[in-house]
There are 2 protein chains.
Amino acid sequence: MESTQDIVKKISDAGLKITPQRVTVLQMLCKLKNHPTADELFAEVSQILPGLSPTTIYNTLDTFVEKGLIKRVKTDADVMRYDAITDHHHHLYCAVSDRMEDYFDPELDRILSDYFNKKQISGFSVSDIRLQLMGDFNENNKN
Amino acid sequence: MESTQDIVKKISDAGLKITPQRVTVLQMLCKLKNHPTADELFAEVSQILPGLSPTTIYNTLDTFVEKGLIKRVKTDADVMRYDAITDHHHHLYCAVSDRMEDYFDPELDRILSDYFNKKQISGFSVSDIRLQLMGDFNENNKN
DNA sequence: AAGTTAGTTTGTAATATTTACAATTTAGAA
DNA sequence: TTCTAAATTGTAAATATTACAAACTAACTT
């Protein structure tokens with residue numbers, strides 16, 4: 001769990017001013033594990049900060065992405081989603097339920113980076129490897 | 001290169017009626033290597049079929065995806081893209097130029113499927129493995 | 001502590017993308 | 001050729017996102 005102080009430090013370290021909007025958005029993004037959309041974040045953060053403008057959500061998310069505090073994620077299904085976890089990880093995704101979860105696998109990461117260190121792709125230099133594992137969540141794993 | 005007859009057969013085999021719109025859309029999608037958006041396809045196909053409705057593009061693409069003739073692709077940047085290549089492949093993607101290319105690597109596919117055959121993810125059953133290789137296209141590889 | 005200013009938020013409006021739906025047309029079977 | 005289900009069209013609406021100017025505020029300076 002990230003304390004408010006950690007959140008504040010992150011934003012500050014990125015060279016951004018500390019505002020209630022930014023702190024709350026980042027905190028919410030860390031708390032919600034379901035890769036929320038801008039709209040979902042707007043709904044959640046609005047409860048804490050009434051009068052929040054949707055534009056602020058978009059601005060804030062864009063700024064955070066730019067500074068590397070969060071990541072954009074897209075599925076094949078719908079709108080943009082956001083992810084506060086910037087540690088290297090992959091995604092499990094079920095197209096039927098449109099549900100997405102994080103997947104960490106250092107062993108796999110090692111295999112992949114070894115592989116692409118050996119194998120050069122002509123005309124392209126790889127900086128990041130992202131997997132999307134398509135499939136089904138078994139019914140007994142609803143968060 | 002896919003002949004018109006191949007295209008027609010594909011559509012027909014999917015249990016769909018043959019229409020100029022469908023044939024032209026699928027043909028264009030096979031021809032364009034840049035994972036076009038619905039909008040780009042509308043522009044291209046309109047030149048061949050004036051009077052085409054944007055709605056038809058969306059309908060047609062949805063139907064094709066449903067029947068497995070094409071795939072949806074999303075990058076972290078913008079709108080939905082479409083891909084006529086349904087053979088198993090991955091994507092090279094540069095966020096700066098928003099350029100995307102296909103990447104085929106059977107050796108890698110073997111490694112990955114071996115890996116996930118051994119390693120079970122609890123609560124999730126994998127049906128497809130998609131990689132997005134982020135990075136930069138070297139300047140001398142513009143199609 | 002108050003003043004200053006660049007950076008941030010807000011609200012409105014515009015744009016872009018996608019979907020809904022009813023009317024018209026057409027492919028392909030009978 | 002006729003018929004019917006399926007496909008296409010066009011309009012309009014819903015949704016997602018961006019532009020932009022005005023108002024506000026964090027945090028630096030004095």
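All values derive from a computational prediction rather than experimental measurement. Each chain gets a letter, A, B and so on, in the order its sequence line appears, and its residues count up from 1. Keep in mind that the numbers below use all heavy atoms, side chains included, and drop hydrogens, waters and symmetry copies.
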Test your reading of the model: is there a side-chain donor-acceptor pair from [X] to the backbone of [Y], 3.5 Å cut-off?
X	Y	answer
B:Glu44	B:Leu41	no
A:Ser12	A:Val8	no
B:Arg22	B:Lys17	yes

Full working for salt bridge (Lys or Arg N to Asp or Glu O under 4.0 Å) between B:Lys119 and A:Glu107 = CA-CA 11 Å; B:Lys119 176 157 204 161; A:Glu107 187 192 347; 3.6 Å; yes
In 5'-to-3' order, the base (B), backbone-only (S) or no-contact (-) status of each nucleotide in nucleotides 7-14 of chain D, using a 4.0 angstrom heavy-atom cut-off, is SBBBB---
Take the protein atom [atom1] of [X] and the nucleotide atom [atom2] of [N], then report the distance between them rounded to whole Å.
X	N	atom1	atom2	value
B:Phe42	C:dA16	CZ	P	14 Å
B:Ile18	C:dA29	CD1	C1'	14 Å
B:Tyr58	C:dT17	OH	P	7 Å
B:Leu61	C:dT19	CG	C1'	14 Å
A:Ile11	C:dT8	CD1	C1'	13 Å

Result for side-chain contact (heavy atoms from CB on, under 4.5 Å) between A:Met28 and one of A:Leu26, A:Val25, A:Leu32 points to A:Leu32
For residues A:Asp105 and A:Leu131, determine if any side-chain heavy atom of one lies less than 4.5 Å from a side-chain heavy atom of the other. no
Closest to the side chain of B:Asp62, out of D:dA27, C:dT19, C:dT18, is C:dT19
